[in-house]
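Here the structure is laid out as structure tokens; the discussion comes afterwards.
The first residue in the sequence is number 1, and the count goes up from there.
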Amino acid sequence: MSFPSLDLSANASASPQLHTLANGLTLLAVPMPQVASASVAIFIRAGSRDEAPAQAGVSHFLEHMAFKGTHTRTVQAINFAAESLGADMNAYTDKDATCYYLEGLGAHTPQMLELLADIVLESTFPADELEREREVILQECTEYDEDPQQLSYTLLDQALWGEHPMGRPIIGIPATIAAISRDDVVDHVRKHYVADRIVVAAAGNFDVDAFFSQAEKRFAHVPGAARYSAPETPGHVGQTKAKRLPGVSQTYITIAWPIASRGTHPHLASLAATLFGGGMSAPLVDAVRERLGLAYSVGATADVGDVHGALVVDATTTPDKVPAFTQELARLLAAQAQTIAASDLARARNQLLVSLVRSSERPLRLLQRCVEHLWASGAAFDLRAAIASVQAIEAETVRQAFESLLAHPAATVLVGAGATAKAARDFQAKLRVS
């Protein structure tokens, strides 16, 4: 079934508006008059890949500490200010970015912007709060280590990127978390929370001119820096990792190969992952779960950033089914490298296009997509252009992507029952194309 022609005139005004301040900081506004809500976010182009080994986890630590008090607000006042608006306040740290955001009513955009500006620009990082939060993060770290799925992804980063900063856990490790000082947090702000790495953004039903005026007044004093240079693409290592966990009776399998980054092609990785394992009718899921009953949970996703990309396959099964799963996965991957079925391409394309359309109707997700696109390409995100880009991807391009990734050793992780170093090496060897 072909994708229908869309009338996007109703949200034509949702085109992103960009304004760069004299210090290099970017303001982004996406008007959405058809909604009553708005999301306000501050994106910093700095994450765990920007950390020195001894400060691993400082970006995530800082994200926690930013909410613990400013020059004019205690942690309780910050929480009360957001909840008095009925707004949801949160933040996240990734390998290449940190984001602070509020989701509320469009009419409250000025208040949300002021609160976020206070959190990001005026945090004081109280020493007593830092020690309390350190304990919280160490507990979070323990929770991750005891969760088989989360642990498998932590080990996968190591297997994919090796000693590169991309290979370290975003949260850090207990030794570095225990050693991070207030000076480390302040130094990270000084180095990375600079104008050319910051995007202050809003999407929804709000006064764009008022937003730009308020944001400029609030952020014009942020120090500038030398023009930001995106890091080089990390090299694919393709190691194997295995770890048994007591009390776990299943095997958690996570495998990944290098694929086009968002900067190389904004949608190829997502299309390939969706085609292969992004739904019940995708070849991977249909064969492994529906036809053979080898796993209840199985799928493929794309982990992409401005300069990195990986196609990830994960499955949870019992140890006795691992050999049959390995054999079937190898067969399915080889089949994609030989030819791409027109029906699979059409299905995956429509799934991805609907995802693009739906995300454009959600203020926060639209902001995330806009900033991701801006950092990867240097240009504003445009829904029409994105749709055209996906529709232009041909079967041969996708086939070549599978052929190319299979030329690399798969980063292979086994966690849980039956997870041994030898089993992981054998698994990896059976996926290799000679």
Side-chain angles (χ1 to χ4, degrees), residues 25 27-30 32 35-44 57-94 97-140 143 171 177 180 182 185-186 188-189 193 198-208 210-222 362-368 371:
L25 187 143
L27 305 181
L28 166 67
V30 191
M32 302 172 67
V35 304
S37 64
S39 294
V40 180
I42 299 177
F43 297 87
I44 294 92
V58 68
S59 301
H60 176 258
F61 207 137
L62 167 56
E63 173 223 310
H64 278 234
M65 286 302 302
F67 295 95
K68 298 305 177 181
T70 71
H71 293 292
T72 58
R73 289 182 174 96
T74 63
V75 57
Q76 289 78 19
I78 290 172
N79 293 332
F80 187 79
E83 292 170 2
S84 293
L85 299 175
D88 290 328
M89 177 176 65
N90 214 329
Y92 61 84
T93 305
D94 212 330
T98 306
C99 175
Y100 304 85
Y101 63 88
L102 278 158
E103 297 179 278
L105 294 178
H108 292 153
T109 297
Q111 293 95 320
M112 291 192 288
L113 177 59
E114 172 55 34
L115 180 56
L116 280 181
D118 195 33
I119 290 167
V120 173
L121 301 180
E122 306 295 341
S123 288
T124 54
F125 314 117
D128 57 340
E129 291 286 355
L130 187 141
E131 293 309 317
R132 276 194 290 269
E133 204 59 27
R134 189 193 312 279
E135 293 305 312
V136 170
I137 295 172
L138 286 169
Q139 291 176 34
E140 185 181 2
E143 183 177 314
I171 195 173
I177 295 167
I180 289 172
R182 184 181 181 279
V185 172
V186 172
H188 190 80
V189 172
Y193 281 43
I198 297 176
V199 177
V200 179
N205 193 336
F206 63 101
D207 186 325
V208 172
F211 169 76
F212 277 153
S213 176
Q214 180 187 1
E216 181 162 12
K217 290 177 183 176
R218 202 66 174 85
F219 290 87
H221 72 282
V222 174
R362 297 162 54 197
L364 180 60
R365 184 66 191 100
L366 179 56
L367 285 182
Q368 292 167 327
V371 173

- For the residue pair E140 and I171, establish whether any side-chain heavy-atom pair is separated by less than 4.5 Å. yes
- Task: For the pair V371 and L28, evaluate side-chain contact (heavy atoms from CB on, under 4.5 Å) and give the outcome as yes or no after the intermediate values.
- Result: CA-CA 9 Å; V371 173; L28 166 67; 3.9 Å; yes
- Between atom OH of Y100 and atom OH of Y92, what is the distance when rounded to the nearest 0.5 Å? 11.5 Å
- Message: To the closest 0.5 Å, what do you measure between CD1 (I177) and CD (Q139)?
- Response: 11.5 Å
Between side-chain atoms of residues 105-117 and protein atoms elsewhere (two or more places apart, or another chain), which donor-acceptor pairs fall under 3.5 Å?
unit_1, atom_1, unit_2, atom_2, d
T109, OG1, G106, O, 2.8
E114, OE1, R218, NE, 3.1
E114, OE2, R218, NH2, 3.4

- Give a yes or no answer on whether the side chain of S123 reaches the backbone of A66 with a donor-acceptor pair at less than 3.5 Å. yes
- Task: Answer whether the closest heavy-atom distance between the side chains of L366 and M32 falls below 4.5 Å.
- Result: yes
- Note on the structure: Residues passing the side chain to side chain contact (heavy atoms under 4.5 Å, CB included) test with D207, sequence neighbours excluded, are D209, A210
- Tightest non-hydrogen contact, residues F219 and I42, listed as CZ-CD1, 3.6 Å
- Query: From E133 CD over to I180 CD1, what is the distance, rounded to the nearest 0.5 angstrom?
  - Reply: 12.0 Å
- Query: Residues two or more places apart in sequence or in another chain: which of them pass side chain to side chain contact (heavy atoms under 4.5 Å, CB included) with V189?
  - Reply: L62, F125, Y193
- List in chain and number order the residues that pass side chain to side chain contact (heavy atoms under 4.5 Å, CB included) with F80, two or more places apart in sequence or in another chain; answer none if no residue qualifies. S84
- Report, as yes or no, whether the 6.0 Å neighbourhood of atom CD on E143 holds more than 12 heavy atoms from other residues, nucleotides or ligands. no
- Task: Report yes if the side chains of L121 and V222 come closer than 4.5 Å at any heavy-atom pair, otherwise no.
- Result: yes
- Query: What is the distance from atom CD1 of I44 to atom OG1 of T93, rounded to the nearest 0.5 Å?
  - Reply: 9.0 Å
- Per the side chain to side chain contact (heavy atoms under 4.5 Å, CB included) rule, which among L367, T98, I198 passes with F43? L367
- Task: Spell out, as yes or no, whether a donor-acceptor pair under 3.5 Å connects the side chain of N205 to the backbone of V35.
- Result: yes
- Which atom names give the shortest non-hydrogen contact between I78 and G69, and what distance separates them? CD1-N, 3.8 Å
- Message: Looking only at side-chain N and O atoms, does S59 offer a donor or acceptor that is under 3.5 Å from a partner on H188?
- Response: yes
- Note on the structure: One should read off an interatomic distance between M89 CE and I119 CD1, to the nearest 0.5 angstrom, of 5.0 Å
- Where L130 and F61 come nearest, the two heavy atoms and their spacing: O-CZ, 3.7 Å
- Message: For a quick test of reading the model, state the closest non-hydrogen atom pair linking N90 to F67 and the distance between them.
- Response: O-CZ, 3.9 Å
- Message: I need the E103 CD to S37 OG distance, nearest 0.5 Å.
- Response: 8.0 Å
- Message: Test of understanding: with side chain to side chain donor-acceptor pair (under 3.5 Å), list the residues that count as partners of R362, not counting sequence neighbours.
- Response: none
- Task: From the options H64, M65, R134, R182, select the one residue that forms a side chain to side chain contact (heavy atoms under 4.5 Å, CB included) with E129.
- Result: M65
- Message: I need the full list of salt bridge (charged side-chain N to carboxylate O under 4.0 Å, His left out) pairs touching residues 73-85, with sequence neighbours left out, sorted by first then second residue.
- Response: R73-D118
